[in-house]
Amino acid sequence: MAKKLVEVKNLQKHFDVGKGKKLKAVNDISFDVYEGETLGLVGESGCGKSTTGRTIIRLYEATSGEVVFRGDNVHKIKGKKVKEFNRRMQMIFQDPYASLNPRMAVEDIIAEGMDIHGIYQGKERTKRVHELLETVGLNSEHATRFPHEFSGGQRQRIGIARALAVDPEFIIADEPISALDVSIQAQVVNLMKDLQKDHGLTYLFIAHDLSMVKHISDRIGVMYLGGLMELADSEDLYKEPLHPYTKALLSSIPIPDPQKEEERKRTILSGDVPSPIDPPSGCPFRTRCPDAMDVCAKERPVWQEARPNHYVACHLYE
Ligand SMILES: Nc1ncnc2c1ncn2[C@@H]1O[C@H](COP(=O)(O)OP(=O)(O)OP(=O)(O)O)[C@@H](O)[C@H]1O
Ligand SMILES: [Mg+2]
């Protein structure tokens, strides 16, 4: 088994939303990320994927729980180690339009991390930026231009170059392809896969739906209303999903074969996602679950390894 690079333990991130109320954006999740793997994280809009990523990289302080990166508790790192941590863990942001400073030239955007860490200066800096631009499929002429002169896909490539600039080990990619045309999505995914091989990177790859993550992820975690519902090898998750929510997500992906599409059983989710300010008692999914039982309203299901390397939080498997 590969080594654990990141360990997320009972992580919670709650936001104060006034009147003494708390929004439980991330509500007690635990998982490990292994060296060299891509862990996909999926779930509907608002389920807490970005907040999870941002809390892992310490853009947010955790409400409780731990994130351990190579043995260090991320939220307790102090002094010299902070800079080193900031170099080793990088993030590619969800919105390629909002995440690049419009007043900075691409060269300075990409080199920002290098400047902070005092690596690659003067001519070396320019050379490195040009190399990075080429690595992500752009070219050196782009270095002096500004973000508004690029398409969404190109901007996302700039975001990837910026993340790579400081030789990170772990990259959190928050929906790096969702804002892009379908034709460009595969290109960016392939680019990320190649970079992973060449640089020995580990990814947490956040995505909305299960169709695209399958191609890039070794394992996939499924979130709902701040909680992790299921986590398994990608193959297992697609072949034998355990959680009713995962089954519903999978059945919403169209099958290209019309006959199979006609024959298959679909699970249609009824009702809206409840508010994370006032989540249901017991299992967060029970108000929309086709298999809900009495116990589901009373007790929150325990996160457990129901099959080898296949984790689920569901009373059906307790
Ligand atoms: N800074 C914040 N302050 C208060 N609430 C927040 C904040 N950031 C996120 N939230 C809330 O936390 C919940 C989770 O948000 P988050 O952005 O993590 O979801 P997501 O899964 O990334 O969604 P999407 O797929 O739309 O990007 C949502 O209910 C959101 O409104
Ligand atoms: Mg998000």
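Residues take their numbers from the sequence shown, with the count starting at 1. One-based numbering, in listed order, for ligands and for the atoms of each.
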Yes or no: does Gly46 have any heavy atom under 4.0 Å from an atom of ligand 1? yes
Stepwise salt bridge (Lys or Arg N to Asp or Glu O under 4.0 Å) test for Asp167 and Arg128: CA-CA 11 Å; Asp167 292 323; Arg128 170 88 174 150; 3.2 Å; yes
Atom pairs and distances, side-chain donor-acceptor, residues 291-300, under 3.5 Å, sequence neighbours left out:
unit_1, atom_1, unit_2, atom_2, d
Arg300, NH2, Asn27, O, 3.2

Would you check if the distance from the ring center of Tyr224 to the ring center of His243 is below 6.0 Å? no
Taking distance alone, with N or O pairs closer than 3.5 Å, would you say Leu23 contacts ligand 1? no
Degrees at the Mg ion (ligand 2) between the OE1 atom of Gln94 and the OG atom of Ser50, nearest 10°: 90°
Tell me if the CG atom of Asp198 is crowded by more than 12 foreign heavy atoms within 6.0 Å. yes
Can you tell me which residue and heavy atom of the protein come closest to atom 27 (O) of ligand 1, and the distance to 0.1 Å? Gln94 NE2, 2.9 Å
Please assess Lys3 against Glu169 for the test salt bridge (Lys or Arg N to Asp or Glu O under 4.0 Å), listing each intermediate value before the final yes or no. CA-CA 13 Å; Lys3 256 169 80 183; Glu169 292 170 67; over 6 Å; no
Have a look at Ile57 and tell me which of Thr52, Ile172, Asp174 forms a side-chain contact (heavy atoms from CB on, under 4.5 Å) with it. Ile172
Student check: side-chain heavy atoms of Ser281 and Arg286 closer than 4.5 Å: yes
Identity and distance of the protein heavy atom lying nearest atom 1 (N) of ligand 1: Phe15 CE2, 3.6 Å
So which bit of Ser45 gets within less than 4.0 Å of ligand 1, heavy atoms only: side chain, backbone, both or neither? both
Please indicate whether any nitrogen or oxygen in Thr52 is less than 3.5 Å from any nitrogen or oxygen in ligand 1. no
Classify the ring geometry of Phe15 against Tyr60: parallel below 30°, tilted from 30° to 60°, perpendicular beyond 60°. perpendicular
Any N/O of Pro276 closer than 3.5 Å to an N/O of ligand 1? no
What are the atoms of ligand 1, with element, lying closer than 4.0 Å to any heavy atom of His208? 25 (O)
ring-ring contact (aromatic ring centres under 6.0 Å, His included) involving Phe93 - partner list, sequence neighbours excluded: none
Run through Thr38, Leu164, Ile160 and flag the one making a side-chain contact (heavy atoms from CB on, under 4.5 Å) with Ile171. Leu164
In ligand 1, the atoms that come under 4.0 Å of a heavy atom of Thr51 are 9 (C), 14 (C), 15 (O), 16 (P), 18 (O)
Non-hydrogen protein atom less than 4.0 angstrom from atom 30 (C) of ligand 1: no
Does any N/O atom on Gly48 come nearer than 3.5 Å to any N/O atom on ligand 1? yes
Closest to atom 25 (O) of ligand 1 among protein heavy atoms sits Lys49 NZ, 2.8 Å
Of all the atoms in ligand 1, which lie at a distance below 4.0 Å from a heavy atom belonging to Ser50? 17 (O), 18 (O), 20 (P), 22 (O), 27 (O)
Any atom of ligand 1 sitting under 4.0 Å from a heavy atom of Glu175? yes
